[in-house]
Number of protein chains: 2
Amino acid sequence: MFSIGELSKRTKVKVPTIRYYEEMGLLAEAERTSGNQRRYDKDGLERLSFIRHARDLGFSIEAISSLIELQEHPDRSCEAATDIAVSQLADVREKMKRLKLLEKELTRISKGCDGHGISEDCYVLASLADHELCERDH
Amino acid sequence: MFSIGELSKRTKVKVPTIRYYEEMGLLAEAERTSGNQRRYDKDGLERLSFIRHARDLGFSIEAISSLIELQEHPDRSCEAATDIAVSQLADVREKMKRLKLLEKELTRISKGCDGHGISEDCYVLASLADHELCERDH
DNA sequence: TCTTGAACCTCTAGTCACTAGAGACATTAC
DNA sequence: GTAATGTCTCTAGTGACTAGAGGTTCAAGA
């Protein structure tokens with residue numbers, strides 16, 4: 001049995017965040033000492049690692065809730081879990097696509113200026129003001 | 001002179017968002033009709049287009065404020081604007097890097113399951129629980 | 001056993017960039 | 001003139017935390 005601080009160290013999840021996850025129902029309510037402090041065991045550690053890993057992968061709290069629900073009903077099919085992962089993947093790919101376009105434009109923009117006065121024709125500001133300068137829409 | 005709804009249509013920025021930008025000081029306070037409704041002209045349209053474009057590129061409200069400040073002091077050097085764009089670019093590249101790793105792992109994860117019972121060994125859930133299965137750290 | 005200081009508790013409020021809703025007033029088209 | 005649509009302000013909610021206040025508990029050393 002270890003404290004919330006210890007759990008925090010082991011999982012690299014901040015203490016207030018652990019309490020937040022408990023409040024959101026992602027973590028079961030922890031056992032308490034007589035002095036009302038939370039105590040965790042290996043189970044709690046594993047659960048929190050799961051949550052952290054999923055958060056790192058960009059799953060929302062809501063999606064993680066669903067995954068945990070699935071875990072607790074092993075009779076159900078695994079398809080639902082796969083669905084969640086697939087939709088997460090679609091999300092990630094969409095974000096990447098957008099970021100690639102942004103990268104291109106920002107590269108172009110940030111190369112344009114070389115320290116002359118803004119009044120003349122700062123390329124950064126001009127580029128932002130005038131969408132026509134973009135190579136593609138967004 | 002046109003209404004906030006018209007401005008919203010032309011810029012594709014929602015009405016409450018326009019009011020929010022005004023409150024945040026990104027947009028100057030609009031002129032009003034005798035009945036207290038906001039009226040805009042070409043200037044307002046251009047300013048809002050600028051803001052929208054910058055937001056699309058992921059600039060924060062704060063960064064946009066700085067850019068606007070620069071615009072209003074044309075005596076200053078253009079370097080500051082370039083700095084903001086360059087730091088934005090670094091940000092975008094960092095995000096892309098992370099997303100690439102996520103994509104790889106999510107692809108792996110979501111291929112693993114094929115509809116058997118969760119109790120057996122749902123690959124999605126197992127992967128999230130066990131970080132060792134990852135090919136790289138994150 | 002006592003003391004001290006770190007860690008813990010709850011609660012409230014703040015972050016960012018909006019979004020939603022209530023209830024009242026203005027404008028526009030017919 | 002009336003009805004529908006648009007606009008106004010204000011407050012509160014979103015997601016996923018983070019920060020701070022003010023108080024209590026724990027563990028280690030004397």
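The figures here come from the full heavy-atom set of this structure, side chains too, leaving out hydrogens, waters and symmetry mates. None of these values were measured; they are calculated from a predicted model. Here is the naming used below: chain letters follow the sequence lines, and residue numbers restart at 1 for every chain.
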Peer 1: Nearest of D:dC8, C:dC8, C:dC18 to any side-chain atom of B:T17?
Peer 2: C:dC18
Peer 1: So, is A:S34 close to the D:dT25 phosphate, meaning a side-chain N or O under 4.0 Å from OP1 or OP2?
Peer 2: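 No, because none of the side-chain N or O atoms of A:S34 sits under 4.0 Å from OP1 or OP2 of D:dT25.
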Peer 1: C:dC11 P sits how many Å from A:E22 CD, rounded?
Peer 2: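 A:E22 atom CD is separated from C:dC11 atom P by 12 Å.
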Peer 1: Less than 4.0 Å between a side-chain N and a carboxylate O, is that true for B:K42 and B:E46?
Peer 2: yes
Peer 1: If you assign each of A:G35 and A:K14 to its closest nucleotide in DNA chain D, which residue comes earlier from the 5' end?
Peer 2: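 Its nearest nucleotide lies further toward 5', so the answer is A:K14.
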Peer 1: Could you state the atom-to-atom distance from OH of A:Y20 to P of D:dG20 in whole Å?
Peer 2: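 Checked: the OH to P distance equals 19 Å.
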Peer 1: Quick one: on DNA chain D, does A:Q37 or A:P16 contact a more 5' nucleotide (nearest heavy atom)?
Peer 2: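 The residue whose closest nucleotide sits nearer the 5' end is A:P16.
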Peer 1: On the nucleotide D:dA19, are OP1 or OP2 found under 4.0 Å from the side-chain N or O atoms that A:R19 carries?
Peer 2: no
Peer 1: Does B:T33 place a side-chain N or O at less than 4.0 Å from the phosphate oxygens OP1/OP2 of C:dT27?
Peer 2: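 Checking C:dT27 against B:T33, a side-chain N or O does come within under 4.0 Å of OP1 or OP2.
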Peer 1: Among D:dA16, C:dA17, D:dC26, which nucleotide sits nearest the side chain of B:I61?
Peer 2: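 In terms of side-chain proximity for B:I61, the closest of D:dA16, C:dA17, D:dC26 is C:dA17.
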Peer 1: Salt bridge between B:D56 and B:R52, side-chain N to carboxylate O under 4.0 Å?
Peer 2: yes
Peer 1: Atom CD1 of B:I4 and atom C1' of C:dA26: how far apart are they, to the nearest Å?
Peer 2: 14 Å
Peer 1: Indicate whether OP1 or OP2 belonging to D:dC17 is found under 4.0 Å from a side-chain N or O atom of A:R52.
Peer 2: no
Peer 1: Between D:dT25 atom P and A:R38 atom CZ, what is the distance in whole Å?
Peer 2: 14 Å
Peer 1: Report the distance from atom CD of B:E23 to atom P of C:dC18, rounded to the nearest whole Å.
Peer 2: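 Checked: the CD to P distance equals 13 Å.
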Peer 1: Would you call B:E6-B:R10 a salt bridge at under 4.0 Å N-O?
Peer 2: yes
Peer 1: Between B:F2 (CZ) and C:dT27 (P), how many Å, whole number?
Peer 2: 17 Å
Peer 1: Evaluate side-chain contact (heavy atoms from CB on, under 4.5 Å) for B:R39 paired with B:S3, printing each intermediate quantity in order.
Peer 2: CA-CA 5 Å; B:R39 285 299 113 104; B:S3 71; 3.7 Å; yes
Peer 1: Closer than 4.0 Å, any side-chain N/O of B:Y21 to the OP1 or OP2 of C:dA17?
Peer 2: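 No.
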Peer 1: What's the CG-P distance between B:L26 and C:dC16, to the nearest Å?
Peer 2: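 So the CG-P distance, B:L26 to C:dC16, works out to 13 Å.
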Peer 1: Counting only side-chain N and O atoms of A:R32, is one of them less than 4.0 Å from OP1 or OP2 of D:dT24?
Peer 2: no
Peer 1: In whole Å, what is the span from the CG atom of A:L27 to the P atom of D:dC17?
Peer 2: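 Going from CG in A:L27 over to P in D:dC17 covers 12 Å.
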Peer 1: On DNA chain C, does the nearest nucleotide to B:E62 precede the nearest nucleotide to B:R39 from the 5' side, or the other way round? Give the residue.
Peer 2: B:E62
